[in-house]
Amino acid sequence: MDIATLVGLVGALAIILSSILLGASPLTFVNVPSLLIVIGGSIFVVLAKFSIGQFLGAMKVAGRAFFFKLPDVESTIAELVELAAISRKQGLLALEDKEISAPFLKTGIQLLIDGHPPETVRAILDKERVLTLDRNRWGAKIFSAMGDVGPAMGMIGTLVGLVQMLSNMEDPKSIGPAMAVALLTTLYGAMLATMICLPIADKLTLRMTEEARMQALWIDAVLAIQEGTNPRTIEQLLASYLPPDKRTKAADAEAA
C-alpha cells in the first residue's frame, strides 16, 4: 500500500467534508442529476477519446497508484551482486535453483540459463520494458483526460441548471436553491479532477518513471552477468542508479 496516495486522497476528502459539516446540512451538497452529469458524462466523453480496452485497462492500472511498490535499489544491487558471484564461480546453470525476487529479473535470468545470445536477451527484456511503460502511460493519459473533462462537464451541468432556473423566474424564492443546485455540478467536476483523477494520473506517471529505471538496472545487470563481469565491477556499475547521497555512502563503505 502506498501510504502517500491514501493519506493524500483521504485527507483532501476529509477536509472538504469537514468544511461542509461545519457550514451547512450535508444534504445540501447532494444532487443526483449533477452527479450523473459529471461522473457519467466524464466517463462517456473519455470513452469517446479512447478504446474500451484502453479504458478498462486504465481502471486496472489505477490500482498501481495504491498497491504497487518496487524493491529497494540497495537490496536489489546486493541481490544482483550475489547472483553475479554465483554465476562467476559455478556457471549460469547454478542460478536455476536460486530464488529471484522480481518477475522481470527472473525472466532475464531464465533467458541466461536457457542459453540465449546477448542480443536476444536484450531484445526480449527491452520489449517487456516498453510494454510495461505503455500500460502505465495509457493509464496516466486516461486519468489525465478525465481530469480535463470533469470540470468541463461540471460547467455544462451548471449551464443546464441556469437555463432551467431562468426559465422559471416567476417564483423568486426558488432562484436561490436552484442556483445552489446548478453550482453543485461545478463543485463535483472540480473535486473529481483535483482530488481523484489528476493525482492518480501523476502517480501513474511516477510509477512509470520508477519502474523504467529499475528495469534498466535489471537489464544492465543481467547482461553483465551473462558476460561474466566481475561482481565488484557490476556493483560499481549499478551504483549509478543510487541517489547521490547513498552513492557516496556506498563508496565510503567500500573504501573502508
Side-chain angles (χ1 to χ4, degrees), residues 1-70 131-162 177-214:
M1 170 75 69
D2 188 319
I3 301 299
T5 304
L6 183 63
V7 170
L9 295 182
V10 173
L13 181 62
I15 290 174
I16 298 298
L17 290 178
S18 299
S19 301
I20 290 173
L21 292 173
L22 292 173
S25 170
L27 295 178
T28 306
F29 291 85
V30 178
N31 185 260
V32 175
S34 297
L35 286 171
L36 289 175
I37 290 174
V38 173
I39 298 177
S42 297
I43 289 174
F44 284 115
V45 170
V46 172
L47 272 175
K49 293 185 175 186
F50 303 94
S51 69
I52 293 179
Q54 288 171 333
F55 183 83
L56 295 177
M59 298 302 106
K60 295 178 181 178
V61 170
R64 295 164 68 89
F66 300 90
F67 302 103
F68 180 77
K69 184 175 177 61
L70 287 169
L131 291 175
T132 302
L133 286 171
D134 194 58
R135 286 191 293 269
N136 285 323
R137 186 180 294 111
W138 279 111
K141 281 185 177 181
I142 289 174
F143 275 95
S144 181
M146 289 190 70
D148 294 335
V149 170
M153 293 303 300
M155 184 58 65
I156 291 173
T158 296
L159 294 174
V160 170
L162 289 175
M179 176 65 80
V181 170
L183 292 175
L184 279 178
T185 52
T186 300
L187 173 64
Y188 293 156
M191 290 177 64
L192 176 67
T194 307
M195 297 172 55
I196 300 175
C197 295
L198 293 180
I200 290 178
D202 290 340
K203 186 55 70 78
L204 290 178
T205 301
L206 176 63
R207 291 282 183 266
M208 180 177 66
T209 304
E210 292 174 339
E211 192 166 13
R213 185 184 301 114
M214 182 62 74

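In this text the structure is predicted, and so the values were computed from the model without any measurement.
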Donor-acceptor pairs under 3.5 Å, side chain of residues 34-47 to any protein atom, not counting sequence neighbours: which ones?
{"from": "S34", "atom 1": "OG", "to": "N31", "atom 2": "OD1", "distance (Å)": "2.6"}
{"from": "S42", "atom 1": "OG", "to": "V38", "atom 2": "O", "distance (Å)": "2.5"}

Test log, rule side chain to side chain contact (heavy atoms under 4.5 Å, CB included), inputs L131 and R135 = CA-CA 6 Å; L131 291 175; R135 286 191 293 269; 4.1 Å; yes
Distance check, rounded to the nearest 0.5 Å: [X] atom [atom1] versus [Y] atom [atom2]?
X	Y	atom1	atom2	answer
M59	I142	CE	CD1	6.5 Å
M195	I16	CE	CD1	5.5 Å
I15	I20	CD1	CD1	12.5 Å
L17	L22	CG	CG	11.0 Å
L162	M155	CG	CE	9.0 Å

Shortest non-hydrogen contact from [X] toward [Y]:
X	Y	result
G139	A58	CA-CB, 3.9 Å
A201	S144	CB-N, 3.6 Å
P199	L9	CB-CD2, 4.2 Å
G150	L192	CA-CD2, 4.2 Å
G157	T185	C-OG1, 3.2 Å

task = Mind jotting down which residue pairs meet the salt bridge (Lys or Arg N to Asp or Glu O under 4.0 Å) criterion with at least one end in residues 12-40? Sequence neighbours excluded, please.
result =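 Pairs touching residues 12-40 that pass the test: none.
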query = Under the salt bridge (Lys or Arg N to Asp or Glu O under 4.0 Å) rule, what pairs show up with a residue in residues 201-211, not counting sequence neighbours?
reply =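 Sorted pair list: D2-K203, D2-R207, R64-E211, R207-E210.
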Sequence neighbours excluded - ring-ring contact (aromatic ring centres under 6.0 Å, His included) pairs with any residue from residues 138-157 =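 The answer is F50-W138.
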query = With sequence neighbours left out, which residue pairs that include part of residues 186-198 fulfil the side-chain hydrogen bond (donor to acceptor under 3.5 Å, both in side chains) condition?
reply =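 The answer is T158-T186.
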request  = Identify, with sequence neighbours excluded, every residue that meets side chain to side chain contact (heavy atoms under 4.5 Å, CB included) alongside A212.
outcome  =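 Here the qualifying residues are R129, L133.
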inquiry  = Between T5 (side chain only) and A65 (backbone N and O only), is there a donor and an acceptor less than 3.5 Å apart?
reply    =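 Side chain of T5 to backbone of A65: a pair is present.
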